[in-house]
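Only one structure is covered here, and it is reproduced in the block below.
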Amino acid sequence: MKLTRKMVLSRAKASELHSVRKLNCWGSRLTDISICREMPSLEVITLSVNSISTLEPVSCCRRLSELYLRRNRIPSLAELFYLKGLPHLRVLWLAENPCCGPSPHLYRMTVLRNLPHLQRLDSQAVTEEELTRALVEGDEITAAPDREGTGQEHPEPPDTLSSIGSATETNRDTLSCMDEEADCVQGRHSLKNPAGGRFPSFSQRDTMSSHKNRNVLTAVLLLLRELDAEGLEAVQQAVGSRLQALHRQELQEDTE
């Protein structure tokens with residue numbers, strides 16, 4: 001799904017793209033965020049749990065200070081090349097992407113070598129010792145990644161409830177990460193918020209809505225454990241119909 005002008009203005013409660021400073025698109029099935037090139041004032045953006053495969057569009061957001069991209073489809077750490085020109089970037093959440101690879105240490109050292117101004121990477125604060133080690137133990141990225149085509153993929157959404165078991169098992173971890181990420185966005189972690197608000201937080205209304213959605217999701221996933229095959233099939237049909245209705249609604253809104 002493509003992030004559109006209408007979606008941005010609606011979620012950011014703004015009238016023009018150039019005035020958008022904060023944007024929350026967590027879990028929105030996004031594959032294309034090219035519209036970020038038109039948001040030069042953007043400071044905080046949450047894009048976790050989507051299907052984004054390139055960081056190139058955010059390279060135009062020169063004021064960006066916090067970027068949340070956990071659980072997407074970033075294929076390679078070469079994508080960090082697009083973030084090296086962002087002088088104000090202090091928080092980056094990139095965990096659970098293919099680019100993290102099999103070595104957490106090499107991943108962290110490479111990110112910090114190329115983005116030495118970061119104060120927090122994923123759930124951990126950056127230390128001076130790490131920055132020093134990264135100069136030796138991290139890989140330097142000097143060129144943009146090679147691409148075949150545009151780099152913006154549009155995969156079909158997975159079959160509804162096809163992975164209900166794994167979703168239930170990992171629900172607790174997912175909710176924990178959501179809470180921790182929300183804490184980072186709202187400035188409640190070790191990053192200090194200077195006078196004047198260097199790192200703006202999402203509104204209290206958005207936070208309450210997010211907690212409500214998480215509570216509902218937790219309840220639903222717990223109830224699924226009690227259902228037999230017939231019950232799960234009924235749920236699958238209901239969820240499929242609901243997703244189709246929401247998709248039609250989004251398409252209608254985008255065309256208005």
Side-chain angles (χ1 to χ4, degrees), residues 24-27 30 33 36 42-59 61-147 151 170 172-194 198-199 201:
N24 187 350
C25 293
W26 195 99
L30 297 176
I33 58 169
C36 286
L42 195 62
E43 297 178 6
V44 180
I45 185 168
T46 298
L47 296 167
S48 296
V49 194
N50 283 289
S51 298
I52 298 164
S53 59
T54 178
L55 301 181
E56 186 276 330
V58 301
S59 64
C61 305
R62 298 279 297 172
R63 298 184 182 179
L64 195 65
S65 62
E66 301 184 25
L67 175 60
Y68 300 89
L69 279 158
R70 182 179 61 85
R71 199 168 292 181
N72 271 275
R73 297 183 180 180
I74 307 301
S76 166
L77 288 179
E79 292 288 332
L80 294 174
F81 178 81
Y82 298 120
L83 305 183
K84 296 179 74 171
L86 303 181
H88 303 292
L89 187 63
R90 296 295 181 267
V91 178
L92 175 64
W93 198 306
L94 198 59
E96 299 179 73
N97 274 275
C99 66
C100 296
S103 172
H105 178 74
L106 179 59
Y107 154 70
R108 190 169 178 88
M109 291 295 99
T110 297
V111 174
L112 295 181
R113 177 168 183 175
N114 291 276
L115 303 175
H117 298 300
L118 287 181
Q119 296 177 1
R120 179 174 292 275
L121 174 58
D122 299 331
S123 60
Q124 297 180 356
V126 176
T127 67
E128 291 295 333
E129 180 184 356
E130 283 184 309
L131 292 174
T132 301
R133 293 175 60 188
L135 294 174
V136 177
E137 301 175 18
D139 295 332
E140 184 176 5
I141 297 168
T142 59
D146 294 331
R147 295 193 180 283
T170 60
R172 180 176 301 176
D173 173 66
T174 299
L175 293 177
S176 176
C177 288
M178 287 170 65
D179 285 332
E180 192 168 10
E181 188 171 319
D183 284 344
C184 286
V185 176
Q186 296 168 35
R188 293 200 296 262
H189 273 284
S190 61
L191 279 180
K192 294 182 180 180
N193 191 10
R198 182 178 179 181
F199 299 117
S201 62

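Computed from a predicted model, the values in this text were never measured in an experiment. For the single chain, residues carry numbers from 1 onward in sequence order.
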inquiry  = Let's go through Ile74 and Leu94 carefully: what are the C-alpha distance in whole Å and the side-chain angles of both, what is the deciding distance for side-chain contact (heavy atoms from CB on, under 4.5 Å) to 0.1 Å, and is it a yes or a no?
reply    = CA-CA 9 Å; Ile74 307 301; Leu94 198 59; 4.2 Å; yes
ask   = Are Leu83 and Leu115 close enough that some pair of their side-chain heavy atoms sits under 4.5 Å apart?
value = yes
query = Which atom names give the shortest non-hydrogen contact between Glu56 and Ser59, and what distance separates them?
reply = O-OG, 2.6 Å
query = Are any of the side-chain heavy atoms of Tyr68 and Asn24 separated by less than 4.5 Å?
reply = no
Value rounded to 0.5 Å, distance of CD1 in Ile33 from OG1 in Thr54 = 7.5 Å
task = Working to the nearest 0.5 Å, report the span between CG of Leu121 and CE of Met109.
result = 9.0 Å
task = Please name all residues satisfying salt bridge (charged side-chain N to carboxylate O under 4.0 Å, His left out) with Glu140, sequence neighbours left out, ordered by chain then number.
result = Arg113
inquiry  = Quick check: closest heavy atoms across Ala125 and Glu130, and the distance to 0.1 Å?
reply    = O-OE1, 3.7 Å
ask   = Considering residues at least two apart in sequence or located in another chain, which fulfil the salt bridge (charged side-chain N to carboxylate O under 4.0 Å, His left out) criterion with Arg133?
value = Glu137
Side chain to side chain, Thr132 and Glu129, heavy atoms closer than 4.5 Å = no
message = Let me confirm one number: the CD-CG distance from Glu96 to Asn72, rounded to the nearest 0.5 Å.
response = 10.5 Å
request  = Given side-chain contact (heavy atoms from CB on, under 4.5 Å), test Leu86 with His117 step by step and report yes or no.
outcome  = CA-CA 10 Å; Leu86 303 181; His117 298 300; over 6 Å; no
message = Treating Ser65 as the side-chain partner and Arg90 as the backbone partner, does any N or O pair qualify as donor plus acceptor under 3.5 Å?
response = no
query = Which distance, rounded to the nearest 0.5 Å, do you find between the CG of Leu55 and the OG of Ser76?
reply = 10.0 Å
Heavy-atom closest contact (Cys36 atom, Cys61 atom, distance) = O-SG, 3.4 Å
ask   = Is the closest side-chain heavy-atom distance between Tyr82 and Pro145 below 4.5 Å?
value = yes
ask   = What is the minimum heavy-atom distance between Arg73 and Asn97, and which atoms define it?
value = N-OD1, 3.2 Å
N/O donor-acceptor pair under 3.5 Å between Ser48 side chain and Arg70 backbone = yes
remark   = On a heavy-atom basis, the closest approach of Cys25 and Asn50 is O-ND2, 3.0 Å
Inter-residue atom distance Leu112.CG - Leu80.CG, 0.5 Å rounding = 10.0 Å
note = Closest heavy-atom pair, Ala95 versus Tyr107, reported as atoms and distance to 0.1 Å, is N-OH, 3.7 Å
ask   = Which value, rounded to the nearest 0.5 Å, describes the distance between Leu89 atom CG and Glu43 atom CD?
value = 12.0 Å
